[in-house]
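Quick notes on the structure that follows.
Quantities reported herein were computed from a predicted structural model and do not represent experimental measurements.
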There are 2 protein chains.
Amino acid sequence: MPNERVALPSTRRSLPIALIRAREAVMAPIREMLAGTGLTEQQWRVLRVLDEFGPMDVSRLAREAGLMASSLTRIVQTMVTDGLVTRETSASDRRRQVIGIASKGQEVLSENRDAALAIAEDLRGRLGERDFERLLDLLEALAECGPRSNGSRNVEPNSSGRG
Amino acid sequence: MPNERVALPSTRRSLPIALIRAREAVMAPIREMLAGTGLTEQQWRVLRVLDEFGPMDVSRLAREAGLMASSLTRIVQTMVTDGLVTRETSASDRRRQVIGIASKGQEVLSENRDAALAIAEDLRGRLGERDFERLLDLLEALAECGPRSNGSRNVEPNSSGRG
DNA sequence: TATCAATAGTTGAGATGTTAAGCAAAAGCC
DNA sequence: GGCTTTTGCTTAACATCTCAACTATTGATA
């Protein structure tokens with residue numbers, strides 16, 4: 001029998017779960033599109049960002065594509081091997097790795113541009129122009145009120161067991 | 001240099017990326033809360049669902065918690081080992097595995113209930129009551145128009161009445 | 001009864017998410 | 001210059017995601 005003591009908000013109206021379900025629905029057609037290319041959804045995002053803004057270092061690429069730097073390191077390694085992107089050390093700052101689109105990456109983008117556009121417009125149509133924009137605004141507001149609101153970095157020096 | 005041929009929507013207004021960023025912001029305080037417990041965010045969701053609805057089989061648990069059945073199999077295995085949940089074969093259908101909360105799971109829930117409630121209310125406050133509800137409605141609508149274009153799958157009559 | 005299809009759950013493999021630790025280059029300071 | 005701190009990226013370890021293949025049970029069928 002469910003616990004009645006404090007009544008947490010229902011998981012049916014839980015933001016974490018709702019965000020996961022929504023992402024699942026949004027990604028379904030994109031994954032279907034990518035199935036024929038051998039790309040993962042993350043690799044596709046990397047190409048999309050580089051296509052929009054041009055070559056950039058790993059840090060910015062991670063930020064723009066919504067990926068963690070540690071994940072991106074591995075993703076880029078695979079993509080370099082597959083001829084999708086290029087990677088070279090920056091001349092002005094040898095710490096930075098500048099990532100750019102390689103020929104095969106351009107091919108994949110060209111071949112899937114129309115399909116991707118159709119998927120985006122279909123989604124926009126289903127939700128409605130107004131709700132679509134409102135949703136993006138709300139998600140952006142949500143992201144803003146998170147980690148970057150201020151310092152307040154809670155440092156708990158614990159590390160209890162659980163190896 | 002960016003490709004100009006068709007102009008895909010900007011990644012700055014991309015739903016997949018926006019959803020990931022929003023989830024990141026929402027999960028940050030929850031992860032901080034869970035850091036002291038040794039639970040992952042998925043394990044916490046499992047406990048939350050079982051706490052709200054009581055024992056259930058793996059399929060429904062996966063649906064309610066927004067997890068894939070294959071992931072849940074492994075998550076439950078770990079949680080059984082850690083004494084967080086129980087697992088027993090259903091008497092009426094031996095294919096089904098019924099999952100319930102174990103004593104240690106109840107403990108974790110009790111110990112973190114207040115903190116979880118505070119996090120949820122803080123988020124609600126930051127976004128504002130109206131936007132918070134609107135966001136949940138929009139995310140639900142998005143999830144509905146995804147894999148099953150069926151529509152009308154809504155169980156609750158609260159859909160989009162108000163402005 | 002034997003058989004086939006559907007369902008519930010599990011497992012395997014490869015890729016990503018998450019955290020912590022590590023290294024090299026750059027920036028700041030004496 | 002020599003020293004310390006910060007920054008950018010990488011690696012390691014473990015958990016999860018995703019897809020595909022698999023087992024076991026159930027239900028339908030002849």
Task: Note, A/Val49 side chain near B/Arg12 side chain (heavy atom, < 4.5 Å) - done: no
Task: Validation row: A/Val46, A/Leu84 side chains within 4.5 angstrom (heavy atoms) - done: no
Task: Nearest-nucleotide comparison on DNA chain C, the residue closer to the 5′ end among A/Gln42 and A/Ser90 - done: A/Gln42
Between atom [atom1] in [X] and atom [atom2] in [N], what is the gap in whole Å?
| X | N | atom1 | atom2 | answer |
| --- | --- | --- | --- | --- |
| B/Arg31 | C/dG17 | CZ | P | 11 Å |
| A/Ile75 | D/dT11 | CD1 | C1' | 15 Å |
| B/Glu32 | C/dT19 | CD | P | 11 Å |
| B/Met68 | C/dG17 | CE | P | 16 Å |

Task: Lys/Arg-Asp/Glu bridge criterion (N-O < 4.0 Å) met for A/Glu140, B/Arg21 - done: no
Open item on the list: Between B/Gln43 and B/Thr78, is the side chain to side chain contact (heavy atoms under 4.5 Å, CB included) condition met? List the steps.
Closed with: CA-CA 9 Å; B/Gln43 291 174 336; B/Thr78 302; 3.8 Å; yes
Sequence neighbours excluded and cut-off under 3.5 Å, please list the side-chain donor-acceptor pairs for residues 27-39 of chain A, or say none.
{"from": "A/Arg31", "atom 1": "NH1", "to": "A/Glu41", "atom 2": "OE1", "distance (Å)": "2.5"}
{"from": "A/Thr37", "atom 1": "OG1", "to": "A/Leu34", "atom 2": "O", "distance (Å)": "2.8"}
{"from": "A/Thr37", "atom 1": "OG1", "to": "A/Leu39", "atom 2": "N", "distance (Å)": "3.0"}

For residues 93-105 of chain A, please give each side-chain donor-acceptor pair under 3.5 Å, one per line with the distance, not counting sequence neighbours.
{"from": "A/Asp93", "atom 1": "OD1", "to": "A/Arg95", "atom 2": "N", "distance (Å)": "3.1"}
{"from": "A/Asp93", "atom 1": "OD1", "to": "A/Arg95", "atom 2": "NE", "distance (Å)": "3.1"}
{"from": "A/Asp93", "atom 1": "OD2", "to": "A/Arg95", "atom 2": "NH2", "distance (Å)": "3.0"}
{"from": "A/Asp93", "atom 1": "OD2", "to": "A/Arg96", "atom 2": "NE", "distance (Å)": "3.4"}
{"from": "A/Arg96", "atom 1": "NH1", "to": "A/Asp57", "atom 2": "OD2", "distance (Å)": "3.1"}
{"from": "A/Gln97", "atom 1": "NE2", "to": "A/Thr89", "atom 2": "OG1", "distance (Å)": "3.3"}

Atom pairs, N/O to N/O, protein against nucleotides 8-11 of chain C, distance under 3.5 Å?
{"from": "C/dA8", "atom 1": "OP1", "to": "B/Arg96", "atom 2": "NH2", "distance (Å)": "2.8"}
{"from": "C/dG9", "atom 1": "OP1", "to": "B/Val58", "atom 2": "N", "distance (Å)": "3.1"}
{"from": "C/dG9", "atom 1": "OP1", "to": "B/Gln97", "atom 2": "N", "distance (Å)": "3.2"}
{"from": "C/dG9", "atom 1": "OP2", "to": "B/Ser59", "atom 2": "N", "distance (Å)": "2.8"}
{"from": "C/dG9", "atom 1": "OP2", "to": "B/Ser59", "atom 2": "OG", "distance (Å)": "2.2"}
{"from": "C/dT10", "atom 1": "OP1", "to": "B/Arg87", "atom 2": "NH1", "distance (Å)": "2.5"}
{"from": "C/dT10", "atom 1": "OP2", "to": "B/Thr73", "atom 2": "OG1", "distance (Å)": "2.7"}
{"from": "C/dT11", "atom 1": "OP2", "to": "B/Gln77", "atom 2": "NE2", "distance (Å)": "2.5"}

